[in-house]
Protein chains: 4
Amino acid sequence: MRNKLRLIVEDNTSHLGRIFDYFIQTLILLSLIAFSIETLPNNSLETKNILSLIEITCVSIFSVEYILRIFVAKKPLQYIFSFYGIIDLLAILPFYLRAAIDLRALRAFRIFRIFRALKLIRYNRALRRFHIAAKIVKEEIVLFFIVTGILIFLTASGIYFFENEAQPDVFSSIFSSFWWAIVTLTTVGYGDIVPITLGGKIFTFFVLIIGIGVVTVPAGLVATALTKARVLEEEEINKKAPHKVQGR
Amino acid sequence: MRNKLRLIVEDNTSHLGRIFDYFIQTLILLSLIAFSIETLPNNSLETKNILSLIEITCVSIFSVEYILRIFVAKKPLQYIFSFYGIIDLLAILPFYLRAAIDLRALRAFRIFRIFRALKLIRYNRALRRFHIAAKIVKEEIVLFFIVTGILIFLTASGIYFFENEAQPDVFSSIFSSFWWAIVTLTTVGYGDIVPITLGGKIFTFFVLIIGIGVVTVPAGLVATALTKARVLEEEEINKKAPHKVQGR
Amino acid sequence: MRNKLRLIVEDNTSHLGRIFDYFIQTLILLSLIAFSIETLPNNSLETKNILSLIEITCVSIFSVEYILRIFVAKKPLQYIFSFYGIIDLLAILPFYLRAAIDLRALRAFRIFRIFRALKLIRYNRALRRFHIAAKIVKEEIVLFFIVTGILIFLTASGIYFFENEAQPDVFSSIFSSFWWAIVTLTTVGYGDIVPITLGGKIFTFFVLIIGIGVVTVPAGLVATALTKARVLEEEEINKKAPHKVQGR
Amino acid sequence: MRNKLRLIVEDNTSHLGRIFDYFIQTLILLSLIAFSIETLPNNSLETKNILSLIEITCVSIFSVEYILRIFVAKKPLQYIFSFYGIIDLLAILPFYLRAAIDLRALRAFRIFRIFRALKLIRYNRALRRFHIAAKIVKEEIVLFFIVTGILIFLTASGIYFFENEAQPDVFSSIFSSFWWAIVTLTTVGYGDIVPITLGGKIFTFFVLIIGIGVVTVPAGLVATALTKARVLEEEEINKKAPHKVQGR
């Protein structure tokens with residue numbers, strides 16, 4: 001019976017397993033929508049009651065599911081301390097601890113359970129390509145993060161010395177300038193803080209010319225690495241089944 | 001006679017077919033310009049009359065064209081329920097139903113008829129490359145959309161808990177925070193909603209560092225996939241005419 | 001003597017030719033700086049006199065240069081109607097016509113003359129790679145421009161119907177909405193016009209998810225095409241000198 | 001003894017060398033945090049005293065380190081005038097000159113000392129790939145910088161002539177327009193300066209369509225060049241150890 005249950009709970013290739021998966025995924029989405037509606041101001045008492053009911057139902061089913069998963073797991077402890085095990089626990093814990101401590105915000109993490117939907121083979125392969133790509137560009141990405149960090153620090157320091165006197169309330173310290181630096185270098189540009197001195201503007205001019213490139217290169221790197229990962233994957237497949245190359 | 005008409009209406013390689021095509025394309029552009037001018041406030045009565053006249057003329061000709069296309073089609077029903085068939089109907093329907101229901105906004109969809117202009121061979125090949133590229137990166141794009149969705153939800157939830165107390169009018173619920181999340185993660189940054197608490201700013205800092213990469217990678221993926229699609233196309237051409245490789 | 005002059009004026013590999021080139025380039029930059037300073041409000045009379053003097057000197061020398069270039073050209077008419085010939089004329093014409101018509105703004109086009117500085121061999125090769133890359137992705141770029149055009153039109157129409165009632169002054173017609181559409185789709189996001197209705201915000205949400213990709217893909221395409229152009233160039237060089245491949 | 005010291009100071013592969021490196025890196029970070037806190041307004045006297053103590057301690061140790069590095073260097077003069085030599089001096093000089101001249105802002109440059117942390121072999125290889133990539137795309141990048149420069153100048157001139165009359169305070173000269181041009185072309189879009197005339201808006205429309213591509217292409221170029229550099233590196237490794245290709 002434990003084996004049968006395992007097929008349903010852990011395997012999503014069988015018919016019953018797929019139904020179980022869709023059911024849980026729907027519940028997760030439902031509980032996230034309820035969670036979002038709960039944040040609306042001026043909810044009527046009736047709405048609050050319905051939301052509370054949905055929450056109790058979801059948590060009950062998630063709890064049963066959690067116990068089931070521990071029960072069917074070949075190594076229960078390994079499951080409990082795995083990424084999914086912790087996420088599954090975080091999905092229900094806030095409810096049981098609500099009398100003692102307000103952890104409702106943690107319910108947002110339920111969204112990570114959605115990832116289980118990607119356990120299909122084709123996404124598994126795509127995820128593996130991501131892993132290969134990550135390995136390929138790891139060093140470059142780390143370098144870019146260090147350079148970006150240094151760039152943000154220098155930009156924040158620079159703008160502080162140019163703008164602090166003219167706008168002491170806005171650029172009050174290097175920490176406030178960090179906010180401006182990140183908003184500018186990522187080209188978000190809210191416009192809530194803007195340099196007004198000539199020196200600050202010229203400084204921003206050069207920061208933008210140099211900085212934009214630095215900040216946007218990693219995305220391009222990841223994209224080309226993913227393409228490379230696909231090529232490597234194809235080569236591997238061809239190596240395993242070389243006769244297919246001819247017949248392609 | 002039906003065959004002759006088909007050559008004119010459906011084929012844009014013949015001389016008459018090309019004239020027919022240019023004529024219809026010009027009318028589409030004209031009707032779209034009239035549609036845009038109609039939205040201007042304070043149009044004089046004279047202008048309104050001219051616009052009305054243009055609209056009646058365009059709809060009349062489009063109606064004749066629609067009937068012609070059904071008439072010449074080898075499988076009329078297939079045409080009626082095809083993408084272009086529906087677009088062609090949507091281009092004239094609002095006019096005939098204007099007494100019963102106001103569907104004028106649908107007239108904007110006439111712009112899709114412009115796509116017919118791309119039926120030339122060289123764009124057909126470019127479009128085919130897009131299809132190949134789409135197939136190559138489909139799984140990665142789906143993955144990125146799911147990750148982007150999760151990221152937007154977590155960003156919106158996060159900023160809600162940081163900013164709701166300080167700005168209850170602006171970040172009034174997670175739904176309002178969604179607006180901020182999408183405007184920030186796409187680096188548009190209107191600046192109509194901006195975090196003001198220290199926690200919210202630090203949270204935004206990390207969201208930007210991580211999020212920008214996630215959101216901009218798909219564009220790079222499409223670009224490299226298109227390049228790959230071109231390589232595949234060239235290989236295919238070479239396979240069909242291998243002697244050309246030598247002489248290139 | 002005409003041959004000697006040609007070596008100086010048209011050729012920048014000889015010693016005198018290089019001096020002539022640097023001299024003209026410096027004058028162009030000087031005249032552009034003078035042109036920029038002229039736009040400053042509250043220039044003193046003295047400054048105005050100096051700027052006027054610089055302008056007269058530059059135009060005189062440019063005029064002599066223009067006549068020289070016609071004189072030494074093997075086919076004078078071809079030079080006059082070439083891109084550089086027209087730019088060279090536009091650089092001096094506004095000055096001579098200043099009594100009749102105010103074309104001072106055209107002086108900004110003098111900056112195109114800077115391109116001559118790129119006539120060096122290594123930049124010639126880089127420019128040729130740009131040409132090859134442009135040829136490779138021409139069709140894709142044209143397709144993307146058409147799709148972008150359609151997207152902007154649909155975005156502008158859509159936001160007009162969502163926001164016109166709520167903000168009749170800002171989204172007064174589709175033409176005003178065009179401004180919002182282009183500022184949003186390019187992720188500039190000034191924030192001078194922002195949707196405020198729920199419908200408009202949800203519409204913007206989907207426009208951003210889809211639109212950003214469309215608008216940023218061409219840059220990636222150009223980048224990969226340039227890399228491809230370099231590979232083609234290397235292949236060509238190797239074909240011409242195959243023994244070098246071994247020795248590399 | 002000088003050799004032993006050199007192993008500790010210059011070499012980070014030995015045990016003692018690694019401890020020395022971590023110690024100095026920690027001190028650099030500590031001094032940068034102290035430097036940032038110092039800019040906060042309303043620091044208490046106690047905080048100021050602690051910060052002052054940290055600064056004196058850091059400068060003392062950095063001074064000893066600087067002298068040590070000169071002492072152990074095989075060519076002391078070469079070290080003093082190298083990039084790291086100058087950075088090391090700039091890290092301590094402001095403190096010794098504080099009575100004569102206020103160079104405290106220079107302390108921000110201490111962050112460059114962090115780069116030493118990248119002396120590990122794997123980052124050395126990543127840095128070498130950056131060098132190769134930089135060499136590959138140098139000409140294209142230079143061309144793009146020139147084109148960007150010309151584009152910014154033409155954009156600034158253009159918007160000046162469209163907007164100067166309508167907003168004489170904001171677009172007061174071409175120099176002020178430069179600020180708008182760079183903020184717009186990099187898609188930062190603060191929104192502090194926005195065109196309001198119809199001409200200015202149409203002009204911006206075309207500038208954005210053309211400009212965005214120009215400004216974002218270099219990042220894509222660098223990304224593809226880095227991928228190319230990795231391929232070249234792999235080829236080189238394979239050439240040195242061709243038997244490994246078979247066994248891979």
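Just so it is clear: chains get the letters A, B, ... in the order the sequence lines come, proteins before strands, and each one is counted from 1.
Taking the six-membered ring for Trp and the full ring otherwise, B:F203 and B:F162 have centroids separated by under 6.0 Å.
Side-chain atoms of A:T39 come within 3.5 Å of backbone atoms of A:S36 as a donor-acceptor pair (strictly under, hydrogens ignored). In terms of modelled atom types and a separation under 3.5 Å, the side chain of A:T47 and the main chain of A:N43 share no donor-acceptor contact. For A:R98 (side chain) and A:F95 (main-chain N/O), a donor-acceptor pair under 3.5 Å exists by modelled atom type.
The choice from B:G220, B:S172, B:P168 that makes the most heavy-atom pairs within less than 4.5 Å of chain A is B:S172. Looking only at heavy-atom pairs under 4.5 Å with chain A, the residue among B:S177, B:P218, B:G149, B:P195 that has the most is B:P195. Counting heavy-atom pairs closer than 4.5 Å to chain A, the top-ranked of the candidates B:L185, B:T186, B:T187 is B:T187.
When heavy atoms are compared at a cutoff of 4.5 Å, A:P41 approaches chain B by way of both its backbone and its side chain. Heavy-atom distances place both the backbone and the side chain of B:I136 under 4.5 Å from chain A. For A:F175, no part lies under 4.5 angstrom from a heavy atom of chain B. Within the 4.5 angstrom heavy-atom criterion, no atom of B:F206 approaches chain A. For A:L221, no part sits under 4.5 Å from any heavy atom of chain B, backbone or side chain. With a threshold of 4.5 angstrom between heavy atoms, B:Y160 approaches chain A through side-chain atoms but not through N, CA, C or O. With a 4.5 Å cut-off on non-hydrogen atoms, B:T184 touches chain A through its backbone and its side chain both. Interface residue B:V217: backbone and side-chain heavy atoms are both found under 4.5 Å from chain A.
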Task: Audit row: A:F62, A:I28, side-chain contact (heavy atoms from CB on, under 4.5 Å) steps and yes/no - done: CA-CA 9 Å; A:F62 289 163; A:I28 294 169; 3.8 Å; yes
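Between B:E140 and A:R230 there is a salt bridge, with a side-chain nitrogen of the basic residue lying less than 4.0 Å from a carboxylate oxygen of the acidic one. By the 4.0 Å N-to-carboxylate-O rule, A:K228 lies too far from A:E234 to be salt-bridged with it.
Considering only heavy atoms from C-beta on, A:L51 stays 4.5 Å or farther from A:F35 through its side chain.
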